[in-house]
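All chains are named by letter (A, B, ...) in the order of the sequence lines, taking the proteins before the strands, and each is independently numbered beginning at 1.
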Protein chains: 2
Amino acid sequence: MTTTALKARKEFGKTLASDIAHRLRNEIVTCQLKPNESLKFDALRLSFGASFTTLREALTLLAAEGLVVAEEQRGYKVAPVTLEDLHDLTHARILIEVDLMRRSIEKGDDDWEIRVISSLHRLARIEERAPEDYASNTEWKAAHRQFHEALVSASGSPTLLAVRNSLFDRAERYRNLSAMFRPHPRDKAGEHRALMQAAIGRNADQACNLIASHIQTTSNNVAKYASGVISAG
Amino acid sequence: MTTTALKARKEFGKTLASDIAHRLRNEIVTCQLKPNESLKFDALRLSFGASFTTLREALTLLAAEGLVVAEEQRGYKVAPVTLEDLHDLTHARILIEVDLMRRSIEKGDDDWEIRVISSLHRLARIEERAPEDYASNTEWKAAHRQFHEALVSASGSPTLLAVRNSLFDRAERYRNLSAMFRPHPRDKAGEHRALMQAAIGRNADQACNLIASHIQTTSNNVAKYASGVISAG
DNA sequence: ATGATACATATTTTCGAAAATATGTAAAAT
DNA sequence: ATTTTACATATTTTCGAAAATATGTATCAT
């Protein structure tokens with residue numbers, strides 16, 4: 001009932017465009033906006049309450065991240081999901097995440113160890129509280145993201161970290177898609193704990209192997225359970 | 001004198017925004033727009049003849065590529081050049097280019113071999129014609145880019161290729177900067193020929209070593225000759 | 001019936017003005 | 001002299017209308 005209602009529109013960024021990009025990104029990753037769905041300006045204007053220009057800027061940003069594709073003069077649409085894209089994405093993620101992991105383990109200081117341990121702890125607590133299908137839990141997803149982010153956070157490579165974040169979003173969309181059709185979520189708790197132990201124990205080779213197979217296994221499961229809704233590619 | 005004058009404005013893309021992004025990218029990479037230079041809308045509007053909105057879209061695109069940085073509510077500026085950034089960039093380029101090279105050699109077909117051989121041939125011809133300081137030659141730069149692009153063009157990884165292209169632009173800016181202060185360009189002809197031979201000969205290990213040291217050596221030279229104009233980082 | 005052409009509609013793209021925000025300057029207070 | 005406040009200016013950000021482009025429909029010729 002106060003003036004916060006107006007300001008509340010800008011939750012995540014200082015500018016309206018970056019805020020809308022954030023909201024759009026979320027809707028695409030969670031598949032509220034479905035793959036291949038065309039993003040018409042009139043419709044977007046209605047649901048996001050912003051002008052053509054502002055929306056256009058947000059879409060440009062998401063196109064650069066690979067969540068949206070732009071067909072010039074023919075508008076924007078949510079990026080399609082294909083098996084080919086999933087494989088491409090998985091390969092890129094493993095390459096980059098393994099490199100970042102190794103360097104993080106080399107360079108990580110006390111604060112890094114604390115970030116890794118505490119983010120895993122938070123993740124475990126959430127899993128305790130909601131043992132059944134935590135994978136569709138928003139809180140779990142945020143904690144999961146933060147744990148993986150913490151692992152590579154000491155790598156000191158802004159360029160690769162930025163790419164990594166973008167790929168993580170694209171992968172999360174596939175995970176969400178798969179979760180819709182999967183009877184039970186795979187139990188990753190053990191894998192996460194092993195990752196933490198290898199990282200903190202400065203066992204770089206083991207940590208890199210673990211993260212690579214963690215990503216690969218997740219991807220294989222996505223391909224298995226979501227193959228029905230994923231285009232042939 | 002015909003109506004082409006109007007259409008000529010759009011040389012590179014179908015939309016004006018993508019065309020302006022292309023032109024801006026070129027001016028930044030060639031350092032006509034200097035590192036750290038602030039990109040005021042009024043000034044840009046004058047030199048590019050487009051409206052706020054269109055320019056904003058182009059800048060958003062270049063910010064995603066890392067050639068421009070956006071400070072919210074305080075406009076855009078050309079991305080700074082620092083030794084730290086150069087190192088970060090070099091590391092990322094080696095990681096990605098080596099991976100793409102190996103996969104290109106695995107998968108490359110006859111057409112790939114032809115692309116590699118013919119693009120090297122063109123590069124060599126240009127070097128013959130203009131032996132002195134071809135590095136500042138626009139034609140040479142385009143051919144150089146195409147040769148390196150050809151080498152990795154069979155990798156079949158759209159995601160990593162897109163990142164690679166973006167990193168190549170950022171690196172080229174550093175090369176151009178260094179060229180301004182370097183007495184003679186390093187002779188890369190031998191390295192390029194060796195790269196081609198290793199790739200076509202399907203000697204993946206050797207080709208990967210060559211491309212890694214090619215990138216690293218270039219980066220070291222940039223650091224050496226351009227250190228005066230690069231911020232400490 | 002089929003394909004081509006012209007027209008009407010839908011949609012994207014671009015523009016310049018208006019609003020919001022930051023920056024700079026001068027007067028007032030301590 | 002230094003900080004604070006108020007005001008004026010410069011700059012970015014956002015908007016909705018107008019232009020450009022694509023898509024769909026009906027008409028005509030073959």
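Aromatic ring centres of B:His148 and B:His144: separated by under 6.0 Å.
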Anything under 3.5 Å between a protein N or O and an N or O of nucleotides 22-25 of chain C, put it in a table, one pair a line.
residue : atom : partner : partner atom : Å
C:dA22  : OP1  : A:Lys14 : NZ           : 3.3
C:dT23  : OP1  : B:Arg74 : NH1          : 3.0

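The side-chain contact (heavy atoms from CB on, under 4.5 Å) test applied to B:Asn220 returns B:Gln216, not counting sequence neighbours. By the side-chain contact (heavy atoms from CB on, under 4.5 Å) test, A:Glu106 pairs with A:Arg102, sequence neighbours left out.
Closest contact between the side chain of B:Thr15 and the listed nucleotides C:dG16, D:dT11, C:dT14 involves C:dT14.
B:Arg145 has a carboxylate O that lies under 4.0 Å from a charged side-chain N of B:Asp169, or vice versa, which qualifies the two as a salt bridge. A salt bridge between A:Glu65 and A:Arg25 is present, with a side-chain N of the basic residue lying under 4.0 Å from a carboxylate O of the acidic one.
Nearest-nucleotide assignment on DNA chain D puts the 5′-proximal partner with B:Phe41, out of B:Phe41 and A:Phe52.
Per the geometry, CZ belonging to A:Phe48 stands 15 Å off P belonging to D:dT14, to the nearest Å. Between B:Leu46 atom CG and D:dT11 atom P the separation is 13 Å, expressed in whole Å. In this structure, A:Glu71 atom CD and D:dT21 atom P are separated by 18 Å, rounded to whole Å. The interatomic distance linking A:Lys40 (NZ) with C:dT9 (C1') rounds to 13 Å, in whole Å. Nucleotide C:dT13 holds its P atom 14 Å from the CD1 atom of B:Ile20, rounded to whole Å. Here the P atom of nucleotide D:dA19 and the CG atom of B:Leu16 are 17 Å apart, to the nearest Å.
For residues 17-47 of chain A, the pairs satisfying ring pair (Phe, Tyr, Trp, His ring centres under 6.0 Å) are A:Phe12-A:His22, with sequence neighbours left out.
Of the residues in residues 53-62 of chain A, those placing a heavy atom less than 4.0 Å from an atom of DNA chain C are A:Thr53, A:Arg56, in numerical order.
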Show the atom names and distances, to 0.1 Å, of all donor-acceptor pairs under 3.5 Å that link a side chain in residues 42-54 of chain B to residues at least two apart or in another chain.
residue : atom : partner : partner atom : Å
B:Ser47 : OG   : B:Ala43 : O            : 3.2
B:Ser51 : OG   : B:Thr54 : OG1          : 3.4

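B:Thr30 and B:Gln32 form a side-chain donor-acceptor contact under 3.5 Å, judged by distance and modelled atom types alone.
Screening A:Thr90, A:Asp85, A:Thr218 for a side chain to side chain donor-acceptor pair (under 3.5 Å) involving A:Tyr174 leaves a single residue, A:Asp85.
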